[in-house]
Number of protein chains: 2
Amino acid sequence: MYKISDIADKMDVSVDTVRYYDREGLMPFVERDKSGRRVFTDHDLNFIEVIQCMKQAGIPVKEIATFIDWCMTGDETLEQRYDFLADHEQQLETKIQQLEDNLAFLRWKKWYYQTAMEAGTEEIHFLEGTNVVDPNERKRYEQLLADGQLESK
Amino acid sequence: MYKISDIADKMDVSVDTVRYYDREGLMPFVERDKSGRRVFTDHDLNFIEVIQCMKQAGIPVKEIATFIDWCMTGDETLEQRYDFLADHEQQLETKIQQLEDNLAFLRWKKWYYQTAMEAGTEEIHFLEGTNVVDPNERKRYEQLLADGQLESK
DNA sequence: ATACAACCTGAAGTTAACTTCAGGTCAAGG
DNA sequence: CCTTGACCTGAAGTTAACTTCAGGTTGTAT
């Protein structure tokens, strides 16, 4: 048996946030003791894990509530639940790919500033006489990356 | 020369959102034509790219505004800009790792429902006589995954 | 016995990131 | 010439996800 603060710790959120989640329908399974306090069981931890994963994956609270609702309904919603997961698996894959691209861009800009700092000025990356970044600079960086010459940076 | 709608298209947001970004200080570089309309240059596209990347990476608008502000200041802020990027590179790496973990969890749950659907009931995953998920089930899944027996699912 | 930390509720407040609105300017096509 | 669509501003409205507040109850350590 667990109390609300245990769950808050486990989910790495505040106790108030757990109550907020409950209010929004994420925890219809939670029981109360004789004086009205929330009591969570081991069985509930299965749901807590799911909720935490979905939250971190960026799924909105309302959608998670729908999913949990299906869980409470029983075996006739197995397919909806599967489809929900398959759909969000797709979305998450796409999002991770995008973040990988963003990460690659940040790294190139980091190299850009690293080298600019060494030169004392950003101008080394500009097209002759302008303040526009030379598109070849990015290619130069990609080449160095591919050649494994950027290990120390 | 580009107009606001071109930039909106390029960033994949609405024209109103671009104006909002400008208001929040993300585009101090933008010029105006004689009748007050925003005019973007090729030089500005460098910034647009940076802004879009940072937005997608989840960096708050205010922080991006700070970064852009440094860019306008000149070479004396090169170090701040480098540190900013290094810091967010770190954060993004952590976030991607977390999302990978979430993805792995979603996939295991997908398998859980896939097999439950085939059996017609979720009970196949429960500990004898309870409604608690058998922890060995996840291990079973991981084993199948490692053995490459899940290709078609 | 009593204090006090942890719990409760309903409701109001906050923040970020937009979005919508009201009202106005302007350049180009028919 | 005049209509129309793209642009402008300042300000108000919206939404999600919390957070804070006011006021109340209770189990446990001193």
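In what follows, every chain begins at residue 1, and chains take the letters A, B, ... in the order their sequences are listed. Atoms considered below: every heavy atom in the structure, side chains included; atoms not considered: hydrogens, waters and symmetry mates.
- Between A/Arg37 atom CZ and C/dC7 atom C1' there is a gap of 4 Å when expressed in whole angstrom units.
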Summarise how protein sits on nucleotides 9-17 of chain D as a single string, 5' to 3': B when a protein heavy atom is under 4.0 Å from the base, S for sugar-phosphate-only contact, - for no contact.
B------SB
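- Follow the hydrophobic side-chain contacts under 4.5 Å out from A/Val50 and you never reach B/Leu127; the two are in separate clusters.
- The CE atom of B/Met1 sits 17 Å away from the P atom of C/dA27 (whole-angstrom rounding).
- Distance from the side chain of A/Thr17 is smallest for D/dC18 among the nucleotides D/dC7, D/dC18, C/dC7.
- With respect to A/Arg140 and A/Glu137, a salt bridge is recorded, a charged nitrogen being found less than 4.0 Å from a carboxylate O.
- The nearest whole Å value for the distance from the CG atom in A/Asp33 to the P atom in D/dT28 is 10 Å.
- Checked for salt-bridge contact, B/Asp16 and B/Arg19 meet the test: a charged N lies under 4.0 Å from a carboxylate O.
- A ring pair (Phe, Tyr, Trp, His ring centres under 6.0 Å) with A/His125 is found for one member of A/Tyr141, A/Tyr112, A/Tyr113 and no other, namely A/Tyr112.
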Could you walk me through whether B/Gln90 and B/Thr94 pass the side-chain hydrogen bond (donor to acceptor under 3.5 Å, both in side chains) test, one step at a time?
CA-CA 6 Å; B/Gln90 220 331 120; B/Thr94 306; 3.2 Å; yes
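- Between A/Lys109 and B/Glu49 there is no salt bridge, since no side-chain nitrogen of the basic residue lies less than 4.0 Å from a carboxylate oxygen of the acidic one.
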Measure all distances between protein nitrogen or oxygen atoms and nitrogen or oxygen atoms of nucleotides 1-4 of chain D, and list the pairs falling under 3.5 Å.
none

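- Between B/Ile4 atom CD1 and C/dC26 atom C1' there is a gap of 16 Å when expressed in whole angstrom units.
- For the OP1/OP2 pair of C/dA27 and a distance below 4.0 Å, the side-chain nitrogens and oxygens of B/Ser35 include at least one atom meeting the criterion.
- Contact annotation: A/Lys34 reaches the phosphate of D/dG27 (side-chain N/O to OP1 or OP2, under 4.0 Å).
- The ring pair (Phe, Tyr, Trp, His ring centres under 6.0 Å) search around A/Phe29 returns A/Phe47, not counting sequence neighbours.
- Between B/Ser14 and C/dT19 there is a side-chain N or O to OP1 or OP2 distance below 4.0 Å.
- Judged by distance alone, with hydrogens and angles left aside, the side-chain atoms of A/His88 form no donor-acceptor pair with the main-chain N or O of A/Ile59 at under 3.5 Å.
- Counting to the nearest Å, the P atom of C/dC18 and the CG atom of B/Asp12 are 12 Å from each other.
- Of the possible polar contacts, one joining the A/Asp44 side chain to the A/Thr41 backbone as a donor-acceptor pair under 3.5 Å is found.
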